[in-house]
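Report on the following structure.
Computed from a predicted model, the values in this text were never measured in an experiment. Here is the naming used below: chain letters follow the sequence lines, and residue numbers restart at 1 for every chain.
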Number of protein chains: 2
Amino acid sequence: MTKSEVYFQKYCRRAGLKRSGQRDKVFNMFLKTEQHISAFRLFEKIRKQGEKIGYSTVYRTLRLLVKAGLAQTLTFGGETHFEHKFKHKHHDYFICSKCGKTIEFTSPTIERIQNRLAKKYNFTPQKHTLLIYGLCINCQNKQ
Amino acid sequence: MTKSEVYFQKYCRRAGLKRSGQRDKVFNMFLKTEQHISAFRLFEKIRKQGEKIGYSTVYRTLRLLVKAGLAQTLTFGGETHFEHKFKHKHHDYFICSKCGKTIEFTSPTIERIQNRLAKKYNFTPQKHTLLIYGLCINCQNKQ
DNA sequence: AATGAACTTGACATTCATTTTCAATATTGT
DNA sequence: ACAATATTGAAAATGAATGTCAAGTTCATT
């Protein structure tokens, strides 16, 4: 049992939820997925493994993960994407306007400035989303 | 005629579009609106002035403004918001997770770092969205 | 001013992701 | 084993974004 698993099971128990195989499937597949993923793609990924699962269950579990603090959402391209939050460092993204490719990056300096500005505006930050749209190197060249 | 108006009318003409009162209404109300606004709220705002207008027209005109480079979109709270782009400096946002209030801010330093990172990743930036979610001072106190 | 090709309008329909519903099924404490 | 309660997933509902199209408007040309 990884730390995330322990944390999640404890969270569920405290919330008065019952253990369920379906929920575990979603949780495990989410854990295995390093990059951000949409509810639908996660659903497909589980089905492709031959597992039987409904979309609602995937959706509900992801929402639960967010509530539990294990995941967080970011919206782009008209879709909600879920990414790790627990024991994972935060990412910002470059998104290619043409091909949709995403490149993750991190910047401690940006984070630091954000916190400073938040304080200045009497704002307690919880999470943030930084999306930079533009052209990736491929799409620049293809013209 | 402001510079934006001249620019917009020229753009329309070049694009082979005809002049129209409805389009002007949308454009003018958008100009008057300093903060970001959703298509639906802009639609309401025009209607409340006693003007007759269809939602499609508002929506289409806003999309046109984006294409013309006068507006840009940012998505949060499950809605697309339109903000000025022409002769307006770019804003980043604090968004209160509780009451939805937004606070605009700018940070030249963050912009600079973004450009540096983009270069490092061979990415040509076009626009960006920085949303910091958290609690505004009111919601912190209300507990 | 009349013409006609092309653009605009807005009510309505459609699409698509997200969210809810609910009857059948599974889990858990006693 | 029982009862209370949670889970599941197919189907329906929601809501924002986008497309459709017949009727109306614009504008260069005659």
Contact class for B:Ser38 (heavy atom, under 4.0 Å): base, sugar-phosphate, or nothing?
nothing
Starting at atom CD of A:Gln9, determine the distance to atom P of C:dT27, rounded to an integer number of angstrom.
13 Å
Base, sugar-phosphate, or nothing: which does B:Gly78 touch, judged by heavy atoms less than 4.0 Å apart?
sugar-phosphate
Remember a base hit wins even if backbone is also touched, and classify B:Arg60 as base, sugar-phosphate or nothing at under 4.0 Å, heavy atoms.
base
Considering every strand and a 4.0 Å limit on heavy-atom distances, what is the contact class for B:Arg47: base, sugar-phosphate, or nothing?
sugar-phosphate
When rounded to whole Å, the CD to P distance for the pair B:Gln22 and C:dT9 reads 6 Å
Any side-chain N or O of A:Tyr59 under 4.0 Å from OP1/OP2 of C:dA17?
no
How many angstroms lie between atom OG1 of A:Thr57 and atom OH of A:Tyr59, to the nearest 0.5 angstrom?
12.5 Å
Between B:Arg23 and C:dT8, is there a side-chain N or O to OP1/OP2 distance below 4.0 Å?
yes
Does A:Lys52 offer a backbone N or O that forms a donor-acceptor pair with the side chain of A:Arg47 under 3.5 Å?
no
Check whether any side-chain N or O of B:His90 sits under 3.5 Å from a backbone N or O of B:Thr129 as a donor-acceptor pair, and report yes or no.
no
Heavy-atom count check: over 12 atoms from other residues, nucleotides or ligands less than 6.0 Å from A:Lys45 NZ?
yes
Tell me the interatomic distance from B:Leu62, atom CG, to C:dT8, atom P, rounded to whole angstroms.
15 Å
Report, as yes or no, whether the 6.0 Å neighbourhood of atom NZ on A:Lys127 holds more than 12 heavy atoms from other residues, nucleotides or ligands.
yes
Any donor-acceptor N/O pair, B:Glu104 side chain to B:His36 backbone, under 3.5 Å
no
B:Arg13 side chain near D:dT26 phosphate (N/O to OP1/OP2, under 4.0 Å)
no
Is the phosphate of D:dG9, meaning OP1 or OP2, less than 4.0 Å from a side-chain N or O of A:Thr57?
yes
Would you classify B:Gly16 as touching base, sugar-phosphate or nothing, given that sugar-phosphate means primed atoms plus P, OP1 and OP2, and contacts are heavy atoms under 4.0 Å?
sugar-phosphate
Length of the NZ-P vector between B:Lys52 and C:dG10, whole Å:
6 Å
How many whole angstroms separate atom CG of A:Leu17 from atom C1' of C:dA26?
14 Å
Value in whole Å for how far the P atom of D:dG9 lies from CZ of A:Phe43:
9 Å
Touch class at under 4.0 angstrom, heavy-atom based, for A:Phe40 against every strand present
nothing
Identify which nucleotide among D:dA17, D:dA6, D:dG9 has an atom closest to any side-chain atom of A:Ile53, counting heavy atoms from C-beta outward.
D:dG9
Nearest whole angstrom, please: distance from the C1' of D:dT7 to the NZ of A:Lys25.
13 Å
Value in whole Å for how far the P atom of C:dT19 lies from NZ of A:Lys67:
14 Å
D:dA10 phosphate, OP1 or OP2, under 4.0 Å from A:Ser56 side-chain N/O
no
By nearest-nucleotide position on DNA chain C, the 5'-leaning member of B:Lys18 and B:Asp24 is B:Lys18
For D:dA17 and B:Thr80 - does any side-chain N or O of the residue sit under 4.0 Å from the phosphate oxygens OP1/OP2?
yes
Think A:Arg63 has a side-chain N or O under 4.0 angstrom from the OP1 or OP2 of C:dT20?
yes
